[in-house]
There are 2 protein chains.
Amino acid sequence: MGERVVPEPDRRRRRPTKQGTVLSAEAIVATALRLIGQHGSEALTVRRLGAALGSDPSSIYRYFRNTDDLLLAIADELISRAQQGWRATGDWQADLREIGRRIHHAYQRHPRTAILAAYRTTGRAHEIRAVEVILGVLRRGGFPDAEAVRIYHAFVDQALAFAALDAAASALPSAARQADEDVWHRTYARLPAESHPHIAATAPLLVAEMRVSGYPAALELLLEAAAARLERPRGTAG
Amino acid sequence: MGERVVPEPDRRRRRPTKQGTVLSAEAIVATALRLIGQHGSEALTVRRLGAALGSDPSSIYRYFRNTDDLLLAIADELISRAQQGWRATGDWQADLREIGRRIHHAYQRHPRTAILAAYRTTGRAHEIRAVEVILGVLRRGGFPDAEAVRIYHAFVDQALAFAALDAAASALPSAARQADEDVWHRTYARLPAESHPHIAATAPLLVAEMRVSGYPAALELLLEAAAARLERPRGTAG
DNA sequence: CACCTTATGACAACGCCATTGACGTGTGAA
DNA sequence: TTCACACGTCAATGGCGTTGTCATAAGGTG
C-alpha cells in the first residue's frame, strides 16, 4: 500500500470536500480540540471528526498516518499554547514556577485532551522548544548537567502528571465529581477519633486542603528541594 | 431487558461451561489479572478473557454489568494486594518512600485500572486506611498538623498522578509506546548545538534519564523538601 | 489553452470491539 | 419427580480504526 500522507512541505493541492471544506492538518487539529471540548474525549472518533469537518473520515488519513499521529499533533498544539507569552526572568525558581503553572493550566483548559495527551512524548517542535527552555533555565541557574536533567525530568513529568490527574478529575460527570469532592466532609470528617485518630485530628484541615489541586504544593516542595541541592551539591554519586 | 447480573449473595447455581469451567466473579478477576500480566493491558478483551476462562465471552456479563464494572473489581483486588505486608518502621522518610513505591508499583502492574482509578476519591475502607496511615507517619514524624496535611496532599496526589501518567504511557499500543521511547535518541539526541545548545549538551544524560519513570526522582525531591521543613519550621504563615 | 499526471476526497469493506436479545438446558428447590 | 429459571451459548447489533480502490479536480508543463 502506497503512503497516503504527503509530507506537508510537499503538499501542492487543495481539494474541497463534497460539503465545501478545504482540509488541512491545522484545521483537523482545531476541530478535534473543539470536538473534545464539547463532547469529551470519547467523542474523538474519526467518524465524528469527519462529520465535524464536513468530510469523509478516511480523508483524515491523508494528513495523519493514524489516530495516534493525530493525538500527537493535538498534544503539540497544547504545548504550544502553554508557551505563548512566556519570557525568562533569569530567576530560575520563578521561571520554573511559571512554566509549571502554565503547563498545568493549559491542560485544565482542555481536560479531555489532557487525558489523551499528557503522557505522550511527541518529539515535535513545541515540545522540543519547551525541553530546551526548561533545561536552559536549570543550567543557567547553576545546576550541573546531571542534576539539571534529573530535576528537569521530575519537574516536567510532575507537571504533566498533575495536569492529567486534575484534568481527569474535573472531566468526570458532575454527579461523580461532586460525590468525590463531598467524600472529605461526608465521610472523612465524620470518622471517630477512636478508630482514626490522625484523620479526626486533621479533618478540618483535610476538608480545606483537598478542595484544591495538590500541584502548587508539590511544585513548591520540588523547588525548595532543588534550591537546597544547589546550595549543597550532592557530588557525582547522585 | 432484565438484569443479567444476579447479586452475589443471591447466587444459587453453578453451571459448567462447555469446556467444563465453573465460573465465578473471583475466577474471572483472577484470570483477567493473569491475562494482563502475561500479555499486557491490550490483551484484556472479553473475547480473550472468555477464551482464557473456557467460556463464551458473553457469560462475563452474568457477573459484571460491563467492562468498567470488571475493571473496578480488578482495581479493588489490586488495592487489596498492594497493602498486604506493609509495616511501619518508624522512620517517616523510609515509610513514605515505601508507601509511594507500593502505590506506584501496584498501578504499573495493571495500567488500565490505574487510568480508571487513580483520580477517584472513593472514601472506601482501603483508601481510608491509607489516609490514616500516611497522616500517622507524618504526625508521628513530628510535622505539625497543617504541614502534615499539606505534605500528605502533595505526596499522595504525586504518587497517584505519576502512577496514572506512567500507567497511561505503558498502556499505549506497543508501536506507539516504542515510538515515544525512541524519541529521545532518534530526535532529541540529534539536535544541533547551534539551535538547541542545552539539549545538545545534555543529550546522553537525557536519553538515559528519560528511559525510566520520573517518580523516584520526584519522590526523593519531595522527601528532601519535607525533611528541610521539619528542620526549619516555616511558622504558621504557610 | 490543452493535455496529462496524480493527489485528494469518497465509498465500501475488513477485522476487531463491547454488548444484547433470545434460545436451550442443567441446576437446585420444592 | 417436577418445575422454574439461572446460566451459558449463539448470533446479531452498532460502533471502532483503517485500507483498497475509484473518480476526478488541482496544478504543472508545454
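Lettering of chains follows the sequences in order, A, B, ..., and the numbering in each one begins at 1. Computed from a predicted structure; not experimentally measured.
Screening B:Leu35, B:Ile60, B:Thr17 for a side chain to side chain contact (heavy atoms under 4.5 Å, CB included) with B:Leu53, the sole residue that qualifies is B:Ile60. When the options B:Asp166, B:Ile99, B:Leu160 are evaluated for a side chain to side chain contact (heavy atoms under 4.5 Å, CB included) with B:His104, the one that passes is B:Asp166.
Using a 4.0 Å heavy-atom cutoff across all strands shown, A:Pro57 reaches no nucleic acid atom at all.
Distance A:Leu70 CG to D:dG17 C1': 12 Å, rounded to the nearest Å. Taking atom CG of residue A:Asp56 and atom C1' of nucleotide C:dA7, one finds them 16 Å apart after rounding to whole Å. Nucleotide C:dA18 holds its C1' atom 11 Å from the CD1 atom of B:Ile60, rounded to whole Å. Atom P of nucleotide C:dA22 and atom OH of B:Tyr61 are separated by 18 Å, given to the nearest angstrom. In this structure, CD of A:Glu8 is placed 14 Å from P of C:dA7, rounded to the nearest angstrom. Put simply, CG on B:Leu49 is 17 Å from C1' on C:dC16, counting in whole angstrom units. When the P atom of C:dA18 is taken as reference, atom CD of A:Glu42 falls 15 Å away, rounded to whole Å. In this structure, CG of B:Leu44 is placed 17 Å from P of C:dC16, rounded to the nearest angstrom.
One cannot find a donor-acceptor pair under 3.5 Å joining the base of D:dG28 and the side-chain atoms of A:Arg12.
Of the candidates D:dG8, C:dA7, D:dT21, the closest approach to any side-chain atom of A:Arg4 belongs to D:dT21. Set against D:dC7, C:dG9, C:dA10, the side chain of A:Arg62 has C:dG9 as its closest nucleotide. Ranking C:dC11, D:dC7, C:dT19 by closeness to the B:Arg11 side chain, first place goes to D:dC7. For B:Val46, counting side-chain heavy atoms from C-beta on, the closest listed nucleotide (C:dA29, D:dA6, C:dA18) is C:dA18. Here the side chain of A:Arg13 is nearest to one of C:dA7, D:dC16, C:dC17, namely C:dA7. With D:dT18, C:dT8, D:dT9 as the candidates, the nucleotide lying closest to the side chain of B:Lys18 is D:dT9. Of all nucleotides listed (C:dG9, D:dT9, C:dC11), C:dG9 comes nearest to the side chain of A:Arg15.
Look at B:Ser58 and you won't find any side-chain N or O under 4.0 angstrom from OP1 or OP2 of C:dT20. The side chain of B:Tyr63 places an N or O atom within less than 4.0 Å of a non-bridging phosphate oxygen (OP1 or OP2) of D:dG8. OP1 or OP2 of D:dC16 lies within a sub-4.0 Å distance of a side-chain N or O belonging to A:Thr45. Taking side-chain N and O atoms only, B:Ser59 has a distance below 4.0 Å to OP1 or OP2 of D:dT9.
A:Gln158 contributes atom CD, which lies 10.5 Å from atom CG of B:Asp157 (distance to the nearest 0.5 angstrom).
Contact check on A:Arg190 versus A:Asp182 returns no salt bridge, with no Lys/Arg side-chain nitrogen under 4.0 Å from an Asp/Glu carboxylate oxygen. Using a cut-off of 4.0 Å between Lys/Arg side-chain N and Asp/Glu carboxylate O, A:Arg120 and A:Asp68 are scored as salt-bridged. We find that A:Arg129 and A:Glu132 are not joined by a salt bridge, their nearest charged nitrogen and carboxylate oxygen being 4.0 Å or further apart.
Each of A:Arg14 and B:Arg14 was assigned the nucleotide of DNA chain C with the nearest heavy atom; the assignment lying further toward the 5' end belongs to A:Arg14.
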